[in-house]
Amino acid sequence: MVARPTRLTPPVECVRLYDADAGLDGVIAIHSTALGPGAGGCRFWSYAGMDEALTDALRLAEGMSYKNALAGLPFGGAKAVIRRPEGEFDRARLFRAFGRAVEQLGGLYVTAEDVGTSVEDMREVASESRHVAGLPASEGLAGGDPSPWTAQGVFESMRAAARFVLDSDLAGLTVAVQGTGNVGADLCRRLADAGCRLVIADPNPGRRDRLAAILGATIVGVEEIASEKAEIFAPCALGGALTPEVVRNLKAKLVCGAANNQLGALEVADLLMNRGIAYAPDYVVNAGGIISVSAEYLGESQSDVTDRVAEIAPRVATLLDRAARERRSPAFVADEMAEEIIVGAQRVAA
Ligand code: NAD
């Protein structure tokens, strides 16, 4: 078995976000600008402290560098993380303050939605900065909520991976979906249309219960979803879904989902392989959202987005095939392919 190569460690630029009056407290991490401005969403979440927020921002920004490179986008990797204030706060004011900080970077960082942020929040950012996407789309142009594009890429990747790994169409398969938020819910609808049986879990009952009623999905507890009897496990909640313990108890033969940073630890990729479980790398399958966001920022058309999202599933199939032939984790093969692209751009720039 080949050890996981160390990931690229360019000098990461971190910009502290702080405006006490507006309740803004967070960080922008810019991991790489070799391919273009650092692009990645803004996460709005409750963190115990700044250290935790910074760790998350660094990890997510690194992931964006790899994701953007492999998706063939002219962007580097970055991410903003804002700590959700406790108690009452003026949300519009907070995001306008964030917009001013983004504008001050002069285009080095391009923001959009991520977990906890909405189109409405990005509208506030846009009132202060040009360097934002994920805004309502104009006729024929790319734009709007990136989640449906993410869900489409995940769905098509899952179909391609099921053919490769299980030699099966999706119809009749059981998929355990962890998280029924924007992407997870959309994915569930597509899977139900394709004839899948669904098992779902989410601590937030609103959308979860509606989905169960409409799609006939079975609800299980958040602690049980990963060990449910299913052919496919789809992590669509937060990062770190695949811990060594989770992998030991997985019954699925394929993991393919939208969540970023699914591998809780480096050795998890090998644990999956040793158990004969195929892993469709998170940042390859979930690139639909950033494809939409980048096209919007560049003023491209919706058909550009359609074409690029359609390339995700064949890329996943190629990657799984190469990984199987080389007896390596698809996670490592994807990293290597992304690094070749980033390092190539660094060489051209030097
Ligand atoms: P979201 O906030 O709309 O949904 C996340 C859902 O996960 C929520 O419903 C939440 O209640 C649920 N959840 C939290 N902890 C859970 C747990 N332990 N078990 C089960 N469910 C749990 O976010 P989203 O936009 O749907 O994104 C989901 C994931 O996909 C995130 O990791 C995000 O970074 C990633 N992603 C999203 C996009 C996009 O376009 N929205 C693009 C790429 C990657």
Side-chain angles (χ1 to χ4, degrees), residues 39-46 56-57 59-64 66-68 70-71 73 77 79-81 84 111-119 121-122 133-134 142-155 157-158 176-190 198-212 217 219-228 233-243 245-246 255-264 280-296 305 309 312:
C42 169
R43 183 162 293 196
F44 189 53
W45 197 248
S46 298
D56 211 19
R59 203 169 43 91
L60 291 164
E62 179 191 77
M64 289 310 301
Y66 283 72
K67 186 190 305 199
N68 293 341
L70 213 52
L73 301 175
K79 203 88 179 183
V81 162
R84 193 185 171 89
T111 197
E113 293 91 346
D114 189 62
V115 174
T117 51
S118 64
V119 172
D121 298 327
M122 293 308 123
D145 179 7
S147 302
W149 293 108
T150 305
Q152 185 176 326
V154 175
F155 171 74
S157 298
M158 199 182 277
V177 181
Q178 180 183 52
T180 53
N182 292 327
V183 182
D186 191 320
L187 177 66
C188 283
R189 282 187 282 269
R190 291 170 199 264
L198 293 170
V199 186
I200 60 175
D202 197 304
N204 183 343
R207 195 143 40 171
R208 179 198 68 189
D209 292 356
R210 269 201 312 282
L211 277 178
I219 299 172
V220 298
V222 293
E223 302 302 330
E224 285 112 55
I225 187 72
S227 53
E228 277 298 307
F233 175 49
C236 297
L238 298 181
L242 300 169
T243 62
E245 198 197 332
V246 164
V255 176
C256 179
N260 281 313
N261 297 321
Q262 290 170 26
L263 300 175
D282 47 12
Y283 65 81
V284 186
V285 307
N286 73 14
I290 193 69
I291 287 172
S292 168
V293 160
S294 74
E296 176 187 340
V305 180
V309 171
I312 295 175

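Whatever order the structure lists them in is the order used to number ligands and atoms, beginning at 1. This structure is a prediction, so every number in the text was calculated from the model and none was measured. No hydrogens, no waters, no symmetry mates; every other heavy atom, side chains included, goes into these values.
- The closest approach between any non-hydrogen atom of Gly239 and ligand 1 is not below 4.0 Å.
- Contact annotation: for Met64 versus ligand 1, there are no heavy atoms closer than 4.0 Å.
- When hydrogens are left out, the protein atom nearest atom 20 (C) of ligand 1 is Ala201 O, 3.4 Å; that is the closest non-hydrogen contact.
- Comparing Gly206, Pro235, Pro205, Ala258 by heavy-atom distance to atom 30 (O) of ligand 1, the nearest is Ala258.
- You'll find the side chain of Asn260 reaches within 4.5 Å of the side chain of Lys67, heavy atoms only.
- When non-hydrogen atoms are compared, ligand 1 lies under 4.0 Å from neither the backbone nor the side chain of Arg208.
- Side-chain contact between Glu296 and Pro146: absent, with no pair of heavy atoms (C-beta onward) separated by less than 4.5 Å.
- Around atom 17 (C) of ligand 1, the closest heavy atom drawn from Val222, Asn204, Thr117 belongs to Val222.
- Ion pair Asp202/Arg207 not flagged as a salt bridge, since none of the NZ, NE, NH1 or NH2 atoms sits closer than 4.0 Å to an Asp/Glu carboxylate oxygen.
- The nearest protein atom to atom 11 (O) of ligand 1, hydrogens excluded, is given as Asp202 OD1, 2.6 Å; this is a heavy-atom distance.
- Atom 4 (O) of ligand 1 has as its closest protein heavy atom Gly181 CA, 3.2 Å.
- Shortest contact from atom 3 (O) of ligand 1 to any protein heavy atom: Asn182 N, 2.9 Å.
- Interface of Arg43 with ligand 1, defined as ligand atoms under 4.0 Å from a residue heavy atom, comprises 34 (O).
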* Criterion side chain to side chain contact (heavy atoms under 4.5 Å, CB included) on Gln152 and Ile312, from CA distance to verdict -> CA-CA 10 Å; Gln152 185 176 326; Ile312 295 175; over 6 Å; no

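- Here the protein heavy atom with the shortest distance to atom 33 (C) of ligand 1 is Val115 CG2, 3.7 Å.
- The residue Ala287 has no part lying near ligand 1, judged by heavy-atom distances below 4.0 Å.
- Among all protein heavy atoms, the one lying closest to atom 29 (C) of ligand 1 is Ala237 O, 3.1 Å.
- Neither the backbone nor the side chain of Ile225 has any atom closer than 4.0 Å to an atom of ligand 1 (non-hydrogen atoms only).
- Partners of Thr243 by side chain to side chain donor-acceptor pair (under 3.5 Å), not counting sequence neighbours: none found.
- The closest approach between a heavy atom of Gln262 and any atom of ligand 1 is not below 4.0 Å.
- Closest to atom 38 (C) of ligand 1 among all protein heavy atoms lies Thr150 OG1, 3.7 Å.
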* side chain to side chain contact (heavy atoms under 4.5 Å, CB included) between Asp56 and Trp45, intermediate numbers included -> CA-CA 10 Å; Asp56 211 19; Trp45 197 248; 5.6 Å; no

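- Inspection of the Ser118 and Asp121 side chains reveals an N or O donor paired with an N or O acceptor under 3.5 Å.
- Taking a cut-off of under 4.0 Å to the non-hydrogen atoms of Asp114, the atoms of ligand 1 that pass are 34 (O).
- Comparing Val183, Asp282, Thr180, Asn261 against atom 26 (O) of ligand 1, the shortest heavy-atom distance belongs to Val183.
- With respect to atom 28 (C) of ligand 1, the closest heavy atom belonging to the protein is Cys236 O, 3.3 Å.
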